[in-house]
Visitor: 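Mind having a look at this structure? Questions to follow.
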Amino acid sequence: MMTKSYITTPIYYVNAAPHLGHAHTTVMCDIMTRNRKANGVDTRLSTGCDEHGQKNQESAEKLGMDVMEYLDLRSSEFKKAFDLLDVDYDYFVRTTRPFHKEQVAAMEQKFMDAGLIIEKQYTGIYCKGCEQFKTESDLNDEGRCVDHPNMDVEEIDEKNYFFPLEPFRQRLLDHIEANPDFVQPPKFLSELKNMLAEPLEDLCISRPKSRVSLGVTLPFDEDFVTYVWFDALINYLTNLGWPGNDYQDYWSEVEHVIGKDILKTHGVYWPIILMGMGETLPKRISVHGHWLGSGGVKMSKSLGNVVDPLEIVEKFGADALRYYLARHMRAENDSQISVELIQGAYNGELGNKVGNLLSRAAKFSVDRFDGKIPTKGTLTEEDEAARAIALKAAQGFAEVFALTDIPARTEALVQAADELNNYFTAQAPWKLIKDPETADRAQTVLYVTLDSLRVLLEAFRQIIPTSADKALAILAAPVEEGVWSPELDRLEEGGTFGEVVALFPRVT
RNA sequence: GGGCCUGUAGCUCAAUUGGUUAGAGCAGAGCGCUCAUAACGCUUUGGUUGGGGGUUCAAGUCCCUCCGGGCCUACCA
């Protein structure tokens with residue numbers, strides 16, 4: 001049984017404002033963290049910004065800003081966005097912080113001393129956009145990089161430092177063989193195996209300062225800074241205070257959550273760097289797909305289908321976005337998103353099912369029972385069935401789940417709320433209450449509905465914490481932080497309702 | 001060019017991994033209810049599973065091919 005856990009988001013390149021992809025990965029990590037904490041696992045979550053590299057430097061220059069001033073501004077935007085999205089992180093790293101830079105440099109010196117780094121001369125065509133050298137076939141008809149057709153490429157002849165990866169390839173393959181859970185879901189494991197099927201090229205770990213100044217200076221050659229990935233990945237360790245004494249407990253349980261675009265850096269480069277350091281390899285790399293615009297095409301400004309997370313938060317609230325991201329990402333594939341789809345899910349799933357159930361049962365109770373939680377009488381078969389449905393859906397949150405489990409488990413909660421709506425309509429307490437002989441029965445139906453909903457809401461805290469707590473406050477059912485398990489009959493009979501307001505007010 | 005994946009009702013997704021008449025939600029249509037956020041419930045319309053070919057008693061599922069999407073990668077960066 002896992003007792004500690006360490007979840008990481010990638011650290012985000014700050015050459016532009018935070019976008020949906022950043023929001024997605026980070027919110028998924030937050031959900032996994034809340035889930036583990038609720039199940040008694042001591043979990044830490046790290047996120048942050050990668051502030052080195054050529055593109056960051058150029059973004060600052062383009063705005064005519066001092067580099068540090070620019071980085072301060074950008075990283076504060078990321079931090080603000082994650083705060084707005086209710087992400088409860090333990091570490092927000094900035095790779096420009098002195099401790100991180102010192103440890104990166106120390107690690108590099110060790111690599112040099114151990115003979116793991118070599119020096120080579122290289123001539124080639126360099127694309128600043130990619131921060132990579134290109135071959136002739138990479139270029140378009142105009143001799144420009146296909147990914148950055150608006151930038152000129154440069155011919156460069158220079159010395160650089162390299163970390164040969166090939167000597168570690170077989171060890172990594174052996175590790176994967178012995179740990180088939182290393183990358184999840186399986187589709188991405190086979191992709192990783194393919195990346196390792198051919199000999200690996202040496203990883204260039206340096207960039208000359210004449211081209212890039214924003215980075216960690218190489219300890220053995222001050223004319224160079226460190227290539228961003230060779231520096232950035234180390235944040236996963238330096239966040240924990242590595243190489244201090246107490247990092248190991250969390251490090252041995254580390255899970256990296258990434259988008260499929262950076263599988264190679266995390267599945268190949270990073271484990272091999274760790275091997276070079278003599279460190280434990282990550283326990284798991286959990287990979288998710290990307291969000292596409294509706295129709296399944298990539299989001300782009302020219303198509304006008306870009307979903308801006310902050311605009312969504314402003315229009316629908318943070319929980320609407322958190323819910324959509326959690327519920328509608330398919331396990332192994334890319335998924336679609338648009339303002340219309342979010343609006344549909346918000347109104348139709350959160351509002352009409354969950355929010356409306358709370359409204360109809362709570363307002364009815366408040367009106368007829370003097371603002372008090374009704375009293376439960378003898379339960380019928382139908383009552384028990386309704387309770388069982390809620391309990392079962394909530395049970396999915398009373399165990400540690402994987403990244404790919406999130407959509408189905410979230411869906412189960414909404415479905416359970418939907419079934420409670422069914423139950424409520426079938427029992428029709430508004431009819432029962434008219435006859436004195438069945439008035440008590442109305443109270444039981446209301447209690448069962450509200451108490452079952454409370455169980456669902458407690459599970460919902462892992463997905464949409466603010467809304468769930470708001471709803472639980474209406475039910476006068478405060479929950480304690482920490483270890484949780486779903487239990488019935490925790491709603492206090494005769495307790496006083498909070499003010500009943502619409503949980504997810506309809507947005508049109 | 002190579003690798004991995006993908007295309008199923010108007011829209012977003014399922015289909016126990018080859019096995020009855022391909023399911024669900026939303027949208028549309030009809031009815032009901034009035035506790036509720038014009039919300040809820042019941043009924044219902046809608047599919048040659050991207051096109052073509054093949055294997056099989058049987059194909060959404062396997063093979064080939066064409067078309068459309070996505071990510072990675074590409075003479076030592």
Side-chain angles (χ1 to χ4, degrees), chain A residues 120-127 130-138 146 156 158 160-164 166 187-195 197-207 227 259-265 267-268 287 289-299 324 327-328 330 332-338 340-341 343-368 407-408 411 414-415 418 420-433 442 445-446 449 500-508:
Chain A
K120 285 197 286 186
Q121 192 71 22
Y122 184 71
T123 309
I125 303 161
Y126 186 84
C127 170
C130 302
E131 296 192 27
Q132 279 178 352
F133 281 90
K134 295 284 166 180
T135 62
E136 294 288 350
S137 58
D138 291 334
V146 289
I156 286 172
E158 68 189 21
N160 264 311
Y161 293 93
F162 294 79
F163 174 33
E166 178 59 17
K187 164 184 165 177
F188 294 109
L189 184 74
S190 38
E191 197 163 328
L192 177 62
K193 280 183 182 167
N194 259 304
M195 291 174 183
E198 303 281 322
L200 295 169
E201 291 156 14
D202 299 344
L203 179 67
C204 181
I205 62 147
S206 62
R207 292 290 185 271
Y227 170 51
K260 64 178 183 175
D261 54 314
I262 51 175
L263 177 58
K264 188 171 191 178
T265 50
V268 179
V287 188
H290 288 173
W291 289 104
L292 303 174
S294 78
V297 289
K298 200 177 170 177
M299 292 193 282
Y324 191 89
R327 160 70 184 85
H328 292 281
R330 296 190 285 162
E332 304 212 356
N333 298 313
D334 292 341
S335 306
Q336 299 187 26
I337 192 166
S338 67
E340 291 73 24
L341 288 169
Q343 179 164 334
Y346 173 79
N347 285 332
E349 294 165 24
L350 284 181
N352 294 352
K353 304 302 178 192
V354 182
N356 185 50
L357 179 65
L358 175 67
S359 289
R360 69 195 299 205
K363 281 192 178 170
F364 188 84
S365 303
V366 167
D367 288 350
R368 305 305 180 107
E411 182 186 16
V414 176
Q415 235 163 34
D418 197 16
L420 288 177
N421 268 314
N422 259 321
Y423 160 81
F424 195 78
T425 304
Q427 298 300 314
W430 56 91
K431 284 182 185 162
L432 295 172
I433 202 156
V445 170
L446 286 164
T449 303
V500 182
V501 292
L503 201 52
F504 306 107
R506 191 171 188 83
V507 176
T508 51

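Residue numbering restarts at 1 for every chain, and letters A, B, ... go by the order of the sequence lines.
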Visitor: Between A/Asp418 and A/Lys353 (side chain of the first, backbone of the second, donor and acceptor by atom type, cut-off under 3.5 Å), is there such a pair?
Guide: no
Visitor: Quickly work out the A/Tyr161 OH to B/C76 P distance and round it to whole Å.
Guide: 23 Å
Visitor: Considering non-hydrogen atoms only, spot the tightest contact between A/His290 and A/Asp261 and give its length.
Guide: NE2-OD1, 3.0 Å
Visitor: How far does the C1' atom of B/C40 sit from the matching atom of B/C33, given to the nearest Å?
Guide: 8 Å
Visitor: With rounding to the closest Å, how many angstrom separate the P atoms on B/C72 and B/U65?
Guide: 25 Å
Visitor: Rounded to whole Å, how long is the line connecting atom CG of A/Leu358 with atom P of B/C35?
Guide: 17 Å
Visitor: For B/U73, does the O4'-C1'-N9-C4 (purine) or O4'-C1'-N1-C2 (pyrimidine) torsion place it in syn, i.e. within 90° of 0, or in anti?
Guide: anti
Visitor: Given the C1' atoms of B/G7 and B/C11, what is the spacing between them in whole Å?
Guide: 15 Å
Visitor: Rounded to the nearest Å, what distance is computed from the CG atom of residue A/Leu292 to the P atom of nucleotide B/U12?
Guide: 11 Å
Visitor: Return yes if some donor-acceptor pair links the side-chain N/O of A/Ser206 with the main-chain N/O of A/Asn160 below 3.5 Å, else return no.
Guide: no
Visitor: Among A/Glu411, A/Glu349, A/Gln336, which residue satisfies the side chain to side chain donor-acceptor pair (under 3.5 Å) criterion with A/His328?
Guide: A/Glu349
Visitor: Atom CE in A/Met195, atom CG in A/Leu263: separation rounded to 0.5 Å?
Guide: 4.0 Å
Visitor: Taking the nucleotide of RNA chain B with the nearest heavy atom to each, does A/Ile262 or A/Phe364 sit closer to the 5' end?
Guide: A/Phe364
Visitor: Between A/Thr425 and A/Arg360, is a side chain to side chain contact (heavy atoms under 4.5 Å, CB included) present by the stated rule, with each step listed?
Guide: CA-CA 10 Å; A/Thr425 304; A/Arg360 69 195 299 205; 3.3 Å; yes
Visitor: Rounded to the nearest angstrom, tell me the gap between atom CG in A/Asn356 and atom P in B/A36.
Guide: 10 Å
Visitor: Using a 4.0 Å heavy-atom cut-off, does A/Leu503 contact any base of the nucleic acid, only the sugar-phosphate backbone, or nothing at all?
Guide: base
Visitor: Check every strand shown and say whether A/Asp261 touches a base, only sugar-phosphate, or nothing at a heavy-atom separation below 4.0 Å.
Guide: sugar-phosphate
Visitor: With a 4.0 Å cutoff (strictly under), does any side-chain N or O of A/Gln336 reach OP1 or OP2 of B/C11?
Guide: no
Visitor: Does A/Lys120 NZ have over 12 foreign heavy atoms under 6.0 Å away?
Guide: yes
Visitor: Taking the same atom, P, in B/G10 and in B/C57, what whole-Å distance lies between them?
Guide: 34 Å
Visitor: Just the rounded figure in Å: distance from P of B/A36 to CD of A/Gln427.
Guide: 18 Å
Visitor: Ignoring hydrogens and angles, tell me if any N or O in the side chain of A/Tyr346 forms a donor-acceptor pair with the backbone of A/Pro505 under 3.5 Å.
Guide: yes
Visitor: Pick the closest RNA chain B nucleotide for A/Ser206 and for A/Phe424 by heavy atoms, then say which residue is nearer the 5' end.
Guide: A/Phe424
Visitor: Checking the side chain of A/Asn347 only, and the main-chain atoms of A/Arg506 only, is there a donor and an acceptor separated by less than 3.5 Å?
Guide: no
Visitor: Testing the basics here: between A/Ala361 and A/Ser365, what is the closest heavy-atom pair and its distance to 0.1 Å?
Guide: O-OG, 2.8 Å
Visitor: Rounding to a whole Å, what distance do you find between A/Phe188:CZ and B/C72:P?
Guide: 11 Å
Visitor: Between B/G47 and B/U12, how far apart are the two C1' atoms, rounded to whole Å?
Guide: 15 Å
Visitor: Between B/G18 and B/U37, how far is it from one C1' atom to the other, in whole Å?
Guide: 47 Å
Visitor: Mind checking the C1' distance from B/G52 to B/A9? Whole angstroms is fine.
Guide: 23 Å
Visitor: Between A/Tyr161 and A/Cys204, is any pair of side-chain heavy atoms under 4.5 Å apart?
Guide: no
Visitor: Is there any protein nitrogen or oxygen under 3.5 Å from a nitrogen or oxygen in nucleotides 24-34 of chain B, and what are the pairs?
Guide:
none

Visitor: Can you establish whether the number of heavy atoms outside A/Glu198 located under 6.0 Å from its atom CD is more than 12?
Guide: no
Visitor: Return the stems involving RNA chain B, sorted by first number, where pairs are Watson-Crick (N1-N3 with N6-O4 or O6-N4) or G-U wobble (N1-O2 and O6-N3), both under 3.5 Å, and runs are 3 or more long.
Guide: B:1-7 with B:67-73, B:10-13 with B:23-26, B:28-32 with B:40-44, B:50-54 with B:62-66
Visitor: So do A/Phe162 and A/Tyr227 actually touch side chain to side chain, heavy atoms under 4.5 Å?
Guide: no
Visitor: Say you pick atom C1' in B/A59 and the same atom in B/C71; how far apart are they, in whole Å?
Guide: 29 Å
Visitor: Summarise protein proximity over nucleotides 2-10 of chain B in one line of letters, 5' to 3': B for base, S for sugar-phosphate only, - for none, counting protein heavy atoms closer than 4.0 Å.
Guide: -BSSS----
Visitor: Take the protein atom NZ of A/Lys363 and the nucleotide atom C1' of B/C35, then report the distance between them rounded to whole Å.
Guide: 10 Å
Visitor: Can you tell me the distance, in whole Å, between the NZ atom of A/Lys264 and the P atom of B/C72?
Guide: 11 Å
